[in-house]
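Below you'll find the structure, written out as C-alpha cells, and then a few comments.
What you see is a predicted model, and the numbers here were worked out from it, not measured in a lab.
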Amino acid sequence: MTEAEAFTKFGKFLIAPAKEVYGELRVGGKDTSLYLRDDEPFHPQSVPDGCITGTMHDLTKVTLIQCLTLEVLSSGSRDGERYYYTRLFPHFVLEGQRHLAPNDRVIVDISLVLEDVTALFYDFDAFGTVLDAVPHIEQIVLAKKLDRPIPIGPEPKIVYFTGKRDIIEVDTVLGKVGARHNPGWSLGGPHGVRIDNVISVSLQPKTPLAFEEAITRTLRLLRFLELIIGRPQNIRELIMYLGGSEHRESLKVHWSHRPSRLADSTNDRVSPQPADLLLDPIHRPEEFARVLRAWLEKDEERQDARQRFHTSFAHQRTYSVERLVGAANMFDILPKSAAPRDTQLSDELLVH
C-alpha cells in the first residue's frame, strides 16, 4: 500500500452478536488502528477469531482480521458523561461491499500488482504509436460516426493498444497463474488523450479458498516472482474476488505488515531490466511455465529451506554472521529428495 492509499473513516463496528459501537478506522500500513468507543463497557477481545466487521458512514463494508489489543479498555468522562474506549491493531483490513468471515471458502481469484512486474512481463508490442499516421487518420476519424465534420491536420498522431489483455496463463498446483494488461484511457478533448496500463498477476484456485489459505498461496507465488525478478517486491495492490453470487464481488486487502523491500539507496537506484531477469515469459513462455509449475510443485516440501533463503534474500545488502549461518542451515534442512543420490564408489577408486 502506498502513502496515497492511507485513509481514516468512521462507522459502526459489530463486536458481539448484538453489540455495535462507534469507531474510527485508520488504515496506514504498520500504523493501522481501530479506535472503538461506547457509553457502556464492552469486550472486543471476545470477538470470534479476532475478526470484527464494520459499516462505514459511506456504507462501505470492512472486515478486520487478526485484531490485537493495543490499548486495554479504559474510561473517560466529559461534562459528567462517562465513555469507554479501546484501540486495536488489525493485521488485515478487507474493504468492499460485503463482509467476509475468516473461514468462508468463497475466494475464487486473487489479483496483485507488484512494483517491478512490468520488467518481468515486458510485453513491449502491446502498446505503440503509429509513426506515419497520415494514411490511416481519416478512416479512424470516420469510425467515430459523429454528426459533425472533424478537421484533419497535417500532423496526426495515433496511439494504440492491440487488445490482447492476457499475457500468459499457467496451470499450477496452486491454481491458474496469469498475468494481464489492465489499460485505462481518457475519452479525449482539448487536454489530450492517453492510455495508461497496469499489469496484474492473478491466481485462480481450482476450488474456493478461505482467507488464510489465500494469503498463504499469495506468499508462495510472491516468493517465486521475487526470485525471478531479483529483489523483494513492494505489493502495490492486492484484491480478492468472491464467488457465490451472480456477479463476482471484490475486496481490497489492506495488509498492515505487507511484504515489502527495505529501503536501500544502492539497491533502489537501478530498477530491474527485462534482459537481466532469470526467465523471459514473453519470448520463452513454455520455459517460464515449466519452471513455475515445477517450482510450485516442490514448494510445500522445501518451504522451510526456501523460507530461510527468502529471509536472507530480503536483506541482501547486509552480510552478517547470521546470514552466513542461515545460508548454511538452508542446505542442511533441504529434504533428501532435493539432493542427488549417494553414489557408490568402485573398488578401484576406493583402493586409490
With sequence neighbours left out, the residues meeting side chain to side chain contact (heavy atoms under 4.5 Å, CB included) with D304 are I333
Ignoring hydrogens and geometry, is there a side-chain-to-backbone donor-acceptor pair from T172 to G175 under 3.5 Å?
-> yes
Q97 (side chain) donor-acceptor with K61 (main chain) under 3.5 angstrom = no
Under 4.5 Å between any side-chain heavy atoms of R261 and R231, yes or no?
-> yes
Qualifying salt bridge (charged side-chain N to carboxylate O under 4.0 Å, His left out) pairs, either residue in residues 275-293, two or more places apart = R284-E287
Decide whether F13 and Y84 are clustered together by the hydrophobic rule: side chain heavy atoms of Ile, Leu, Val, Met, Phe, Trp, Tyr closer than 4.5 Å, transitively.
-> yes
Backbone of Q66 reached by a side-chain donor or acceptor of H91 within 3.5 Å = yes
Nearest heavy-atom pair of P156 and G153: which atoms, and what distance?
-> CD-O, 3.6 Å
Nearest-0.5 Å distance, NE2 of residue H257 to OG1 of residue T32 | 8.5 Å
Rounding to 0.5 Å, atoms OG (S256) and CZ (F92) come to a distance of 8.0 Å
Say you draw a straight line from CD1 of I15 to SG of C67; how long is it, rounded to the nearest 0.5 Å?
-> 11.5 Å
Could you give all pairs that pass the side-chain hydrogen bond (donor to acceptor under 3.5 Å, both in side chains) test and reach residues 151-166, with sequence neighbours left out?
-> D166-R180
I would like to know whether L227 and F309 meet side-chain contact (heavy atoms from CB on, under 4.5 Å); could you show each step before the answer?
-> CA-CA 10 Å; L227 179 63; F309 166 78; 3.8 Å; yes
Is there side-chain contact between I137 and I158, with heavy atoms separated by less than 4.5 Å?
-> yes
What pair of heavy atoms forms the shortest contact from V193 to S186, and how long is it?
-> CA-OG, 3.3 Å
May I have all residue pairs that pass side-chain hydrogen bond (donor to acceptor under 3.5 Å, both in side chains) and include part of residues 193-203, sequence neighbours excluded?
-> H181-N197, N182-S200, R194-D196
Given the rule that I, L, V, M, F, W and Y join up when any side-chain heavy atoms are under 4.5 Å apart, are V108 and V106 in one cluster?
-> no
Between L34 and R87, is any pair of side-chain heavy atoms under 4.5 Å apart?
-> no
Please write out which residues are connected to Y35 in a hydrophobic cluster, directly or through intermediates, given that two of Ile, Leu, Val, Met, Phe, Trp, Tyr count as joined at side-chain heavy-atom separations below 4.5 angstrom.
-> Y83, Y85
If a pair satisfies salt bridge (charged side-chain N to carboxylate O under 4.0 Å, His left out) and one of its residues is in residues 8-32, list it, with sequence neighbours excluded.
-> K9-D58, K9-E95, K19-D38, K19-E40, E24-R26
Check whether any side-chain heavy atom of L120 lies under 4.5 Å from a side-chain heavy atom of P281, and answer yes or no.
-> yes
Can you check whether L242 reaches S250 side chain to side chain, under 4.5 Å on heavy atoms?
-> no
What closest approach, in Å, do L100 and L251 show between heavy atoms, and which atom pair accounts for it?
-> CB-CD1, 3.9 Å
Verify the cluster assignment for V291 and L296: are they in a single hydrophobic cluster under the rule of side-chain heavy atoms below 4.5 Å apart?
-> yes
Answer yes or no: is there a side-chain heavy-atom contact under 4.5 Å between V134 and I152?
-> no
Please table the atom pairs, donor to acceptor, closer than 3.5 Å between any side-chain atom in residues 207-224 and protein atoms at least two apart or in another chain.
unit_1 : atom_1 : unit_2 : atom_2 : d
E213   : OE2    : R217   : NE     : 2.8
T216   : OG1    : E212   : O      : 3.1
R217   : NH1    : L174   : O      : 2.8
T218   : OG1    : A214   : O      : 2.8
R220   : NE     : D299   : OD2    : 2.8
R223   : NH1    : Q307   : OE1    : 3.1

Kindly give the heavy-atom pair with the smallest separation between V72 and T86, and that separation in Å.
-> C-OG1, 3.8 Å
Decide yes or no for R248 and D109: does some side-chain heavy atom of the first lie under 4.5 Å from some side-chain heavy atom of the second?
-> yes
Whether R236 side chain and L114 backbone form a donor-acceptor pair below 3.5 Å = no
Quick one: side-chain hydrogen bond (donor to acceptor under 3.5 Å, both in side chains) pairs with a partner in residues 124-143, sequence neighbours left out?
-> none
Hydrophobic clusters join Ile, Leu, Val, Met, Phe, Trp and Tyr when side-chain heavy atoms are under 4.5 Å apart, directly or via other members; which others share one with W185?
-> F127, V159, F161, I195
Following the transitive rule for hydrophobic clusters with a side-chain heavy-atom cut-off under 4.5 Å over Ile, Leu, Val, Met, Phe, Trp and Tyr, establish whether L278 and F288 coincide in one cluster.
-> yes
Can you list the steps and then say if L225 with Q233 is a side-chain contact (heavy atoms from CB on, under 4.5 Å)?
-> CA-CA 9 Å; L225 296 174; Q233 290 296 288; 5.9 Å; no
Output the distance between atom NZ (K252) and atom OG (S111), rounded to the nearest 0.5 Å.
-> 11.5 Å
Hydrophobic side-chain clustering at under 4.5 Å (ILVMFWY, transitive links): who's grouped with F124? Put none if nobody.
-> Y122
Between R98 and G243, which heavy-atom pair has the shortest distance, and what is it?
-> NH1-O, 3.9 Å
Heavy-atom closest pair, residues L36 and G23 | CD2-CA, 4.0 Å
Which distance, rounded to the nearest 0.5 Å, do you find between the CZ of R308 and the CD of Q303?
-> 12.5 Å
Set of residues satisfying ring-ring contact (aromatic ring centres under 6.0 Å, His included) with respect to H99, sequence neighbours excluded = none
Going by heavy atoms in the side chains, are L64 and L88 under 4.5 Å from each other?
-> no
In the single-linkage hydrophobic clustering (I, L, V, M, F, W, Y; side-chain heavy atoms under 4.5 Å), do I228 and W295 co-cluster?
-> yes
Can you list the other members of the hydrophobic cluster that holds V198, where links are side-chain heavy atoms under 4.5 angstrom apart?
-> V113
Calculate, to the nearest 0.5 Å, the distance between atoms CG and CD1 belonging to L14 and I52 respectively.
-> 9.0 Å
Take R37 and D39 through the test salt bridge (charged side-chain N to carboxylate O under 4.0 Å, His left out) and record every step on the way to the result.
-> CA-CA 7 Å; R37 181 195 67 79; D39 296 334; 3.5 Å; yes
